[in-house]
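Both ligands and their constituent atoms are indexed starting at 1 by order of listing. Quick note: numbers below take in every heavy atom, side chains included, and nothing from hydrogens, waters or symmetry partners.
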Amino acid sequence: MKVIENLAHIQAQIKEACQKVDRDPEDIKIIAVTKYVTIERTQEALQAGINDFGENRPDGFQAKYAAIGKQAQWHFIGTLQSRKVKDVIDKMDYLHSLDRKSLAKEINKRAEKPVDCFVQVNVSGEDSKHGLAVDEVIPFVELLKDYSNIHVVGLMTMAPHISDEERLRDVFRSLRQLRDTIVEADYDHAPCRFLSMGMSNDYQIAIQEGATHIRIGSDLVGPYQE
Ligand SMILES: *Cc1c(COP(=O)(O)O)cnc(C)c1O
């Protein structure tokens with residue numbers, strides 16, 4: 001399928017999800033996750049009108065960035081090793097996977113200007129998932145005030161890969177409640193307005209629960225490709 005056709009379908013689904021909860025589709029940013037696809041396919045997505053791309057590994061990110069660069073905004077969505085920070089930090093527009101103090105420290109040291117970060121939360125508590133436990137998040141956000149190059153714009157989570165709608169809703173709702181608590185605290189370094197949640201499997205539900213950034217790979221640009 002062409003990206004433009006997939007995009008039209010996803011936009012219709014977004015509209016439907018928004019109507020159910022009286023939200024404006026304009027408030028939802030679609031990030032095309034291109035980690036499995038080629039530079040050509042990524043360029044096709046750019047032509048189709050997508051301006052936000054997500055990559056989860058430094059190598060893949062740098063290859064796509066070299067081809068497309070500032071024509072798009074770049075979201076780094078994977079675990080970032082501290083030793084890789086210096087190679088990628090000033091190229092990305094958003095980091096969705098801030099999950100530890102050592103990473104914050106390295107970013108603070110290496111970045112030329114403040115980086116817009118999402119704190120990654122492991123809401124479901126699955127061993128396989130990265131991110132902070134729910135009860136670690138507020139203390140972590142508070143300690144980030146000492147890092148002038150970290151700007152907390154939101155929270156990110158990956159829901160478990162299940163079809164049980166109520167369980168998915170609970171995960172998204174928990175992230176939203178946590179976000180609301182942080183917003184209420186009114187930290188200068190952490191406005192934390194955004195919720196990066198929802199993937200191909202669950203974005204309609206994530207939108208109903210308040211997602212502002214959805215990260216879509218398979219349904220938009222396709223799964224594994226050679
Ligand atoms: C791969 C990935 C996605 C996209 O997953 P799809 O199911 O292909 O839409 C979203 N977020 C993260 C963090 C990912 O690693």
Side-chain angles (χ1 to χ4, degrees), residues 1-14 17 28-39 41-42 44-45 48 50-65 72-81 84 88 92-100 103 115-132 137 153-165 167-168 171-172 175 194-226:
M1 286 281 273
K2 288 190 175 147
V3 176
I4 201 157
E5 290 163 358
N6 292 337
L7 180 61
H9 172 74
I10 290 166
Q11 282 168 333
Q13 298 281 86
I14 292 174
I28 290 145
K29 189 170 286 289
I30 303 172
I31 300 168
V33 176
T34 49
K35 62 188 183 191
Y36 296 138
V37 303
T38 60
I39 288 170
R41 185 70 163 168
T42 307
E44 186 195 330
I50 291 168
N51 290 311
D52 290 85
F53 292 100
E55 281 284 333
N56 69 338
R57 288 174 194 277
D59 291 354
F61 168 53
Q62 284 175 292
K64 305 274 178 17
Y65 184 87
Q73 290 215 302
W74 296 94
H75 301 256
F76 195 89
I77 61 172
T79 303
L80 183 56
Q81 292 178 319
K84 297 282 186 185
V88 293
M92 65 180 75
D93 297 287
Y94 295 92
L95 175 68
H96 287 244
S97 50
L98 181 58
D99 61 354
R100 60 195 193 277
L103 179 60
V115 181
D116 286 336
C117 298
F118 291 78
V119 172
Q120 185 170 352
V121 188
N122 182 358
V123 177
S124 62
E126 283 180 293
D127 287 345
S128 61
K129 297 263 189 289
H130 289 274
L132 295 160
V137 173
V153 296
L155 302 179
M156 180 275 227
T157 200
M158 284 175 85
H161 204 81
I162 52 171
S163 51
D164 182 341
E165 215 180 288
R167 270 186 64 205
L168 288 169
V171 167
F172 297 138
L175 196 72
F194 299 141
L195 288 171
S196 170
M197 58 189 198
M199 314 189 350
S200 295
N201 183 47
D202 54 25
Y203 68 91
Q204 293 100 324
I205 300 168
I207 289 168
Q208 289 172 41
E209 299 303 333
T212 59
H213 293 63
I214 56 175
R215 310 177 309 268
I216 307 191
S218 321
D219 278 15
L220 182 53
V221 291
Y224 277 109
Q225 247 193 1
E226 276 311 320

If you define the side chain from C-beta out and look only at heavy atoms, does anything of Ile216 sit under 4.5 Å from Asn6? no
Side chains of Glu44 and Lys2: closer than 4.5 Å at any heavy-atom pair? yes
With sequence neighbours left out, the residues meeting side chain to side chain contact (heavy atoms under 4.5 Å, CB included) with Ser97 are Phe76, Leu95, Gln120
Asp116 meets the side chain to side chain contact (heavy atoms under 4.5 Å, CB included) criterion, sequence neighbours left out, with Tyr94, His151, Val153
When you look at NZ of Lys29, are more than 12 heavy atoms from neighbouring residues, nucleotides or ligands closer to it than 6.0 Å? no
Side chains of residues 195-202: which donor-acceptor pairs under 3.5 Å do they make with residues two or more places apart or in other chains?
{"unit_1": "Ser196", "atom_1": "OG", "unit_2": "His96", "atom_2": "ND1", "d": "2.9"}
{"unit_1": "Ser196", "atom_1": "OG", "unit_2": "Arg215", "atom_2": "NH1", "d": "2.9"}
{"unit_1": "Ser200", "atom_1": "OG", "unit_2": "Asp219", "atom_2": "N", "d": "3.1"}
{"unit_1": "Asn201", "atom_1": "ND2", "unit_2": "Ile162", "atom_2": "O", "d": "3.3"}
{"unit_1": "Asp202", "atom_1": "OD1", "unit_2": "Met199", "atom_2": "N", "d": "2.6"}

Name the residues in contact with ligand 1, where contact means a heavy atom under 4.0 Å away: which are they? Val33, Lys35, Ile77, Met156, Met158, Met199, Ser200, Arg215, Ile216, Gly217, Ser218
